[in-house]
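Since the structure comes first, as structure tokens, the remarks are kept for the end.
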Amino acid sequence: MRVYPDQLARQLTVLKPCYLLFGDDPWLLDTTKSQLLAAARAQGFAERVQLEQETNFNWQDLSNEWHAMSLFASRRIIELQLPQAKPGSDGSAMLQALLEQPNPDTVFLLTGPKLAQEQQHSKWFKLLDSKGIFVPCTTPEGPQFLRWLDSQIQHYQLQLQPDAKAMLASLYEGNLLAADQALQLLQLLANQRPVNAAELAHYFEDQSRFSVFQLSDALLANQQDKAQHMLVQLKAEDTALPIVHWALQKELTQLWQLQSALNVGHNLNQLFGQYRIWDKRKPLYQQALKRLSLEAIERMLSVSSQLELALKQQGREDWIGISHLCLMFDAEAHRQLQQFELN
């Protein structure tokens with residue numbers, strides 16, 4: 001039976017003979033396994049036996065453990081890790097044979113990487129799935145990630161403003177471990193106070209001399225020398241590149257919204273009110289909107305998306321790409337960089 005990680009707690013009142021935890025997300029695998037082990041210990045499964053299918057693994061060892069009497073407790077957890085999620089013909093036969101004769105004093109825990117569809121249709125998997133619970137531990141994306149983030153925010157009793165939550169989602173989607181660590185840090189720093197995006201960025205900038213907000217203002221004003229100096233300083237002070245990218249993406253998105261509305265005849269002052277832009281920043285946006293066309297902003301958003309993909313999918317922190325994106329806030333430099341493509 002397939003059960004998702006956030007639903008598992010409801011299925012642990014009475015334990016099943018076996019649990020299959022497979023997926024590509026280390027945080028989900030670890031927390032889900034910890035949750036299962038805690039429930040098992042609470043129900044008297046005090047001894048834990050750990051095995052791993054290494055090269056030349058002897059499947060008879062699993063059978064011996066399955067039938068052995070516990071030296072320390074009447075109930076045991078047997079955990080088997082399948083690094084490739086491929087038990088082979090011998091392993092498949094052994095798994096099916098053991099689960100056909102379940103031991104009421106044993107809970108069997110099988111872990112491994114994300115399963116392909118053909119693996120989920122194999123005989124061994126379908127039998128174990130019918131006898132127990134399959135928990136797919138794959139990294140949530142999009143709306144599923146936002147639901148996970150909301151759940152963790154509630155778990156840590158944090159009060160995050162919508163802009164702070166959006167910032168966290170932008171920074172940490174695809175990395176649950178880093179997101180959870182950030183929320184734990186916030187729990188210590190925020191002390192149950194409401195937190196907005198500006199405070200959040202300051203928490204994570206580690207007392208940098210320049211803030212990403214100062215960088216944004218310099219770029220909107222087209223103060224390129226100042227902006228490039230700030231960028232060098234932010235990098236030297238180990239400011240997280242995702243924070244810098246988030247700030248640039250935020251400004252570009254805001255500029256696109258404003259320029260798109262202006263192109264169809266909307267009033268700029270009304271737009272400033274609609275988007276709650278502070279009075280002191282209105283002249284900065286006015287300068288940028290006069291300088292950058294909608295086509296130019298869309299090209300910059302495309303470059304920003306490429307940087308985000310490189311960061312999230314490859315873990316590549318492209319500070320040179322960020323520097324080029326900053327240069328594109330200058331209309332003249334932007335024309336020279338129109339053909340710029342990230343490698």
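By convention here, the first residue in the shown sequence is residue 1. Predicted model, so just to flag it, every value in this text is computed and none were measured. Note that these values count all heavy atoms, side chains included, but never hydrogens, waters or copies made by symmetry.
- A salt bridge links Glu251 to Arg281: at least one charged side-chain nitrogen sits closer than 4.0 Å to a carboxylate oxygen.
- With sequence neighbours excluded, the residues that form a side-chain contact (heavy atoms from CB on, under 4.5 Å) with Lys16 are Tyr19, Ile133.
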**OP:** Take Arg291 and Gln286 through the test side-chain hydrogen bond (donor to acceptor under 3.5 Å, both in side chains) and record every step on the way to the result.
**Re:** CA-CA 9 Å; Arg291 205 169 59 242; Gln286 288 173 327; over 6 Å; no
Subject >> Residue pair Thr138, Asp25: steps toward the side chain to side chain contact (heavy atoms under 4.5 Å, CB included) verdict >> reply: CA-CA 5 Å; Thr138 53; Asp25 192 283; over 6 Å; no
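- Under the 4.5 Å side-chain criterion, counting only non-hydrogen atoms from C-beta, Thr106 is not in contact with Arg75.
- If you take CG on Leu128 and CG on Leu20, they are separated by 5.0 Å, rounding to the nearest 0.5 Å.
- Not one N or O on the side chain of Thr32 forms a donor-acceptor pair closer than 3.5 Å with the backbone of Leu29.
- Remark: the backbone N or O of Leu301 is paired with a side-chain donor or acceptor of Ser305 at under 3.5 angstrom.
- Using a 4.5 Å cut-off on side-chain heavy atoms (C-beta onward), Val107 and Pro17 make no contact.
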Original post:
Run the side chain to side chain contact (heavy atoms under 4.5 Å, CB included) check on Gln35 and Leu12 step by step: do they pass?
Top reply: CA-CA 9 Å; Gln35 186 180 29; Leu12 297 178; 4.0 Å; yes
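- Between the side chain of Arg41 and the backbone N or O of Glu47 there is no donor-acceptor pair closer than 3.5 Å.
- At most 12 non-hydrogen atoms from other residues, nucleotides or ligands lie less than 6.0 angstrom from CD of Gln84.
- Contact detail for Leu15 and Ala40: the closest heavy-atom pair is CD1-CA, 3.6 Å.
- Using modelled atom types, one finds a donor on one side chain and an acceptor on the other under 3.5 Å when comparing Gln96 with Ser92.
- Val135 and Phe125 are members of different hydrophobic clusters when ILVMFWY side chains are connected at heavy-atom separations under 4.5 Å.
- Distance alone, capped at 3.5 Å, places no donor-acceptor pair between the Ser151 side chain and the Arg147 backbone.
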Original post:
Under the salt bridge (charged side-chain N to carboxylate O under 4.0 Å, His left out) criterion, do Lys126 and Asp129 qualify, and how do the steps go?
Top reply: CA-CA 5 Å; Lys126 289 198 288 188; Asp129 185 36; over 6 Å; no
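- Inspection of the Ser293 and Gln259 side chains reveals no N or O donor paired with an N or O acceptor under 3.5 Å.
- A donor-acceptor pair under 3.5 Å links the side-chain atoms of Gln119 to the main chain of Ala116, judged by distance alone.
- Atom CG of Leu241 sits about 10.0 Å away from atom CG of Leu234, to the nearest 0.5 Å.
- A donor atom on one side chain and an acceptor atom on the other are found under 3.5 Å apart for Gln249 and Ser304.
- Cluster membership for Leu186 and Leu177, using ILVMFWY side-chain heavy atoms within less than 4.5 angstrom, is shared.
- With hydrogens and angles ignored, the 3.5 Å screen pairs a side-chain donor or acceptor of Ser216 with a backbone N or O of Val212.
- Between Val195 and Leu200, the closest heavy-atom pair is CG1-N, 4.0 Å.
- In this structure, Gln228 and Ser323 approach most closely via the heavy-atom pair OE1-OG, 2.8 Å.
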**OP:** Take Ile277 and Leu271, measure what side chain to side chain contact (heavy atoms under 4.5 Å, CB included) needs, and give me the verdict at the end.
**Re:** CA-CA 9 Å; Ile277 293 174; Leu271 292 171; over 6 Å; no
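- When the shell of 6.0 Å around CD of Glu141 is examined, it contains 12 or fewer heavy atoms from other residues, nucleotides or ligands.
- Lys235 NZ: 12 or fewer foreign heavy atoms inside a 6.0 Å radius.
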**OP:** Tell me, with the steps shown, if Phe108 and Trp66 meet ring-ring contact (aromatic ring centres under 6.0 Å, His included).
**Re:** CA-CA 9 Å; Phe108 185 42; Trp66 190 268; 5.7 Å; yes
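- Scanning all heavy atoms of the two residues, the minimum distance from Ala85 to Trp124 falls at O-CZ2, 4.1 Å.
- Here the side chains of Leu51 and Glu79 are not in contact, with every heavy-atom distance at 4.5 Å or above.
- Between Lys282 atom NZ and Asp279 atom CG the span is 4.0 Å, to the nearest 0.5 Å.
- At least one side-chain heavy atom of Cys18 sits under 4.5 Å from a side-chain heavy atom of Leu99.
- With respect to Leu95, the side-chain contact (heavy atoms from CB on, under 4.5 Å) criterion is satisfied by exactly one of Leu62, Leu127, Asp90: Leu62.
- A pairwise comparison of heavy atoms in Phe145 and Ala169 identifies CE2-CA, 3.7 Å as the closest pair.
- Within the 3.5 Å criterion, the main-chain N or O of Trp256 finds a donor-acceptor partner in the side chain of Ser260.
- Side-chain contact between Val244 and Ile322 is present, with at least one heavy-atom pair separated by less than 4.5 Å.
- The aromatic rings of Phe134 and Phe22 lie tilted to each other, with the angle between the two planes from 30° to 60°.
- A salt bridge is defined here as a Lys NZ or Arg NE, NH1 or NH2 lying under 4.0 Å from an Asp or Glu carboxylate O, and Asp150 with Lys165 meets this definition.
- Atom CG of Asn263 sits in a crowded spot, with more than 12 heavy atoms from other residues, nucleotides or ligands closer than 6.0 Å.
- With a 4.5 Å cut-off on side-chain heavy atoms, Pro136 and Val3 do not count as touching.
- One finds the CG atom of Asp318 at 8.5 Å from the NE2 atom of His324 (value rounded to the nearest 0.5 Å).
- Between the side chains of Gln254 and Tyr285, no donor-acceptor pair is found at a separation under 3.5 Å.
- Rounded to the nearest 0.5 angstrom, Leu219 CG and Lys226 NZ are separated by 10.5 Å.
- Here the closest non-hydrogen pair linking Pro83 and Glu52 is CG-OE2, 3.6 Å.
- Between Tyr275 and Gln257, some side-chain heavy-atom pair lies under the 4.5 Å cut-off.
- A donor-acceptor pair is defined here as one N or O able to donate and one able to accept, closer than 3.5 Å; no such pair exists between the side chain of Asp105 and the backbone of Arg76.
- Although no hydrogens or angles enter the test, the distance criterion places no donor-acceptor pair under 3.5 Å between the side chain of Gln306 and the main chain of Gly321.
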I'd like a table of donor-acceptor pairs (distance under 3.5 Å, sequence neighbours excluded) in which one partner is a side-chain atom from residues 154-161, with atom names and distances.
from: Tyr156; atom 1: OH; to: Asp180; atom 2: OD1; distance (Å): 2.9
from: Tyr156; atom 1: OH; to: Asp180; atom 2: OD2; distance (Å): 3.2
from: Gln159; atom 1: NE2; to: Gln192; atom 2: O; distance (Å): 2.7

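- Atom OG1 in Thr111 sits 4.5 Å away from atom CD in Gln81 (nearest 0.5 Å).
- Side-chain atoms of Glu199 come within 3.5 Å of backbone atoms of Asn196 as a donor-acceptor pair (strictly under, hydrogens ignored).
- Counting heavy atoms from C-beta on, the side chains of His266 and Gln274 never come closer than 4.5 Å.
- Sparse packing is recorded around NZ of Lys86, with 12 or fewer heavy atoms of other residues, nucleotides or ligands lying under 6.0 Å away.
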Original post:
Does the side chain to side chain contact (heavy atoms under 4.5 Å, CB included) test come out yes or no for His245 and Leu307, once each step is laid out?
Top reply: CA-CA 8 Å; His245 177 268; Leu307 289 166; 4.1 Å; yes
